[in-house]
Amino acid sequence: MRTHYCGEVRTEDLDQRVVLNGWVDRRRDHGGVIFIDLRDRTGIIQIVSDPERTPKTYPLAESLRNEYVIQVEGRVTKRPAESLNPKLPTGTIEIYAERIEVLNPVHQQLPFQVSKTDTDGVREELRLKYRYLDLRRDRMQANLKLRHEVVKTIRRYLEDQENFLEIETPVLTRSTPEGARDFLVPSRVNPGEWFALPQSPQLFKQLLMISGYDRYYQIARCFRDEDLRADRQPEFTQLDMEMSFMSQDEIMDLNEGLMRQVFKVIRGIDLPHPIPRMTYQEAMDQYGTDRPDTRFSMKLVNVSDLFKDCGFKVFSGAIAQGGAVKVLPVPGGNAKVSNVRIKPGGDLFREASEAGARGLAYIRVRENGDLDTIGAIKENLTPEITQELLARTQAQAGDLLLFGAGATNIVNASLSRLRLVLGEELGLIDPQHSSILWVTDFPMFEWNAEEQRLEALHHPFTAPKPEDLADLKTARSQAYDLVYNGLEIGGGSVRIHQPQVQKQVFSTIGLSEAEAHNKFGFLVEAFNYGAPPHGGIAYGLDRLVMILADEESIRDTIAFPKTQQARCLLTGAPAKVDDRQLKELEVVSTYVADQESPEQGL
RNA sequence: GGGACUGUAGUUCAACUGGUUAGAGCACCGCCCUGUCACGGCGGAAGUUGCGGGUUCGAAUCCCGUCAGUCCCGCCA
């Protein structure tokens, strides 16, 4: 049916007879000669028809419209010297159409233009409704091809260089406590019982280690029933890996090799070797977040000790209650950041308050070395404090110092947000530059105030650092996250492989022995039969592709994504099902639909 | 659950502070054009301004509600 792809015909094919299939990208009708840009997934080639050289096809060529699917047969011809198109790889040649067959015309007006020559954006709502048309467009073709190349590179590397096996794990599995909300699937055969879709293949990959498949990977679909974001979909894809008999450093080294290969092959980016590391504590202290964007400086400075006894109650009170006072130095901020923006009602104030901050104090460093600030702070600035403050923040004349005071997590959250906003605004981020680093030594647990209990920060199978075993509650873990330009692209840990340590962790997070046995008994039992030390990592593939494709939403890296309301605009999923189906599953919905029309309510 | 933004022709956008018949590019339809490649020229058709209500002499514009989409918080590794 086809001899060549449109975008792959070259000068070497001159005089050859070719048969091409594709979509009409655009038609240029000059009255006496018609040009058709024929498009397939490889590119575009120019088809020509005129009444003298191709009298048979000329009338048909006139009738063609955008997005018709056609087959064209003709000879590869050199273009006239004055009509070359350097913008196209096929720009030196063209096909005189000796035969054109319309395989399918377009029956309805297109909801939007497909050709990339139409540079206007299209509403995402419309793109998602007609996703099959959107996927024909240049941008999505490029993104999905890039996604394929990423996966291909990963497979080649892990299989050919590192001897990994790809093994599939179940999608119908059991619900587990901890972590995200599960998607549930009723079992018809076992009425009243439910499968859960996996949040990740975590337990299975650990079992595979116990089974001796000491290097496993999978491009795994995962499901989490939580609210969506630009970088979060209810179903998403992980590159999931697990390996046995490897230390944390060895696992990280292997993954550095993998990521270096991916970034090199896909984008020509040479990642640093080795990839820098930072502990969780350093990251929180200096950047206020566990995924610091280190493309620019503006590090946070802790000044709690300077203000703990001062008369400014907002500062001293915060410290007295166990909180902190930290400074975000804004280079040149005096000229660029007005007081209006820092005070209530301003955008920076709002940014801070959305992170939980009650206020946003500031000091401006003037040309003559004077400090300009509100009276309540000025009164409490002794010469000693002033000197130390300027020394620690390395503030220069013209700089702005923004203060966060309160609970440490809120101070960190608000200042780290301001840091990103201002770093971008002040042009401190070089778009050519990228930053990548490992964040290590996460705490094992985090206090969940709502549930009044400790919670696994990573997940409950993460191994504590051996030197911290004495007090699990405050122990650090052998966990590591890979952070690229302030985005987490992967994370993993060395796992617990000793049953007694696993039991201690379950008890620390308040999981009763009975509960733990009920939910994870199979894993704990498996540890009794010769479990190798093991560890692994999982990457958010959609997010990794998003970064490599310079996109801002993972929806643009997924062929058929959901909207923020977790709907598929193309298929209309989710949707109601027949009562018969529900009955078969012994399922009854308790949902009471809102009044269909307002009149009924009146 | 909460906050913010958006919704005007098939589509991308415009329409001053509420004021006469809601405009333009592309697409679509017709005519013309033999070297274009975002071809060009002339003409035409195309609108429940998301939907419902309200204020007003008068609403795309103001108010309330609602639906959909996006971004964010909560939630989520």
Side-chain angles (χ1 to χ4, degrees), chain A residues 25-38 44-53 58 65-67 79-88 90-91 94 106 108-130 133 178-182 199-200 202 222-234 236 238 290-291 347 350-351 353-356 413 417 442 446 448 450 455-459 462 479 481-482 487-493 537-540 543 552-553 555 562-565 567 569 594-595 597-599 601:
Chain A
D25 190 70
R26 229 173 162 81
R27 183 183 58 113
R28 289 175 295 280
D29 185 346
H30 288 245
V33 59
I34 295 172
F35 300 103
I36 291 149
D37 287 341
L38 189 65
I44 280 176
I45 189 166
Q46 176 161 284
I47 311 295
V48 196
S49 183
D50 72 43
E52 281 148 35
R53 293 186 63 166
Y58 185 69
R65 293 294 179 272
N66 291 349
E67 299 310 309
R79 287 193 187 198
E82 67 278 13
S83 297
L84 304 179
N85 184 353
K87 283 189 260 178
L88 288 181
T90 58
E94 58 194 3
V106 169
Q108 288 173 346
Q109 169 123 304
L110 293 162
F112 51 81
Q113 291 302 109
V114 172
S115 172
K116 78 167 166 188
T117 57
D118 190 90
T119 49
D120 285 340
V122 179
R123 282 219 323 277
E124 190 169 11
E125 197 176 343
L126 209 59
R127 291 174 54 203
L128 293 178
K129 182 169 178 189
Y130 299 96
L133 289 179
E178 296 290 299
R181 196 175 291 117
D182 284 321
Q199 296 177 27
S200 81
Q202 184 61 37
C222 305
F223 306 86
R224 289 176 191 163
D225 188 7
E226 298 292 348
D227 288 346
L228 289 79
R229 289 285 187 282
D231 61 355
R232 271 164 34 192
Q233 285 270 305
F236 61 100
Q238 281 187 350
D290 60 1
R291 45 185 175 90
D347 64 316
R350 213 183 106 198
E351 200 68 43
S353 63
E354 273 182 10
R417 283 177 69 145
F442 285 79
E446 192 177 43
N448 182 328
E450 205 170 303
E455 211 170 44
L457 192 66
H458 198 69
H459 57 56
T462 300
D481 278 2
L482 192 58
L487 299 170
E488 185 206 320
I489 57 176
S493 62
I537 191 167
Y539 295 87
R543 216 179 275 181
E552 294 195 341
S553 161
R555 292 186 301 278
K562 309 276 189 290
T563 68
Q564 194 160 49
Q565 291 304 309
R567 294 196 153 276
L569 295 182
D594 292 336
Q595 301 290 349
S597 62
E599 296 94 89

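Residue numbers begin at 1 in each chain, while the letters A, B, ... track the order of the sequences. Treat the numbers as computed from the prediction; the structure is a model and nothing was measured.
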SB check [X] [Y] (cutoff 4.0 Å):
| X | Y | result |
| --- | --- | --- |
| A/Glu351 | A/Arg417 | yes |
| A/Arg123 | A/Glu125 | yes |
| A/Glu124 | A/Arg555 | yes |

| remark: Testing B/rC33, B/rA77, B/rC76 for proximity to the side chain of A/Asp29, the answer is B/rC33
Taking [M] as the reference, what is the distance to [N] when you measure between their [atom1] atoms (whole Å, please)?
| N | M | atom1 | result |
| --- | --- | --- | --- |
| B/rA27 | B/rG74 | P | 46 Å |
| B/rA59 | B/rG52 | C1' | 15 Å |
| B/rG10 | B/rU56 | P | 33 Å |
| B/rU12 | B/rG50 | P | 13 Å |

Does [X] put a side-chain nitrogen or oxygen below 4.0 Å from OP1 or OP2 of [N]?
| X | N | value |
| --- | --- | --- |
| A/Arg127 | B/rU11 | no |
| A/Arg65 | B/rC29 | yes |
| A/Arg555 | B/rC71 | yes |

| field | Protein-nucleotide distance (A/Arg123, atom CZ; B/rG7, atom C1'), rounded to Å | value | 6 Å
| query | In whole Å, what is the span from the CG atom of A/Leu487 to the C1' atom of B/rA77? | reply | 13 Å
| said: Could you go through A/Arg28 and A/Gln46, starting from their C-alpha distance and side-chain angles, then the distance that decides it, and tell me whether this counts as side chain to side chain donor-acceptor pair (under 3.5 Å)? | reply: CA-CA 10 Å; A/Arg28 289 175 295 280; A/Gln46 176 161 284; 3.0 Å; yes
| field | From A/Gln564 atom CD to A/Leu228 atom CG, the distance as rounded to the nearest 0.5 Å | value | 6.5 Å
| request: Could you say whether the aromatic ring of A/His30 and the base of B/rC33 stack, counting only centre distances under 5.5 Å and plane angles under 30°? | output: no
| request: Would you say whether A/Phe35 stacks on B/rU36? The test is a distance between ring centres of less than 5.5 Å and an angle between planes of less than 30°. | output: yes
| said: Please classify the nucleic acid contact of A/Ser83 as base, sugar-phosphate, or nothing, using heavy-atom distances under 4.0 Å. | reply: base
| With a 4.0 Å cut-off on heavy atoms, is A/Arg417 in touch with a base, just the backbone sugar-phosphate, or nothing at all? | sugar-phosphate
| note | Nearest-nucleotide check on RNA chain B, A/Val33 vs A/Gln199; residue mapping nearer the 5' end is A/Val33
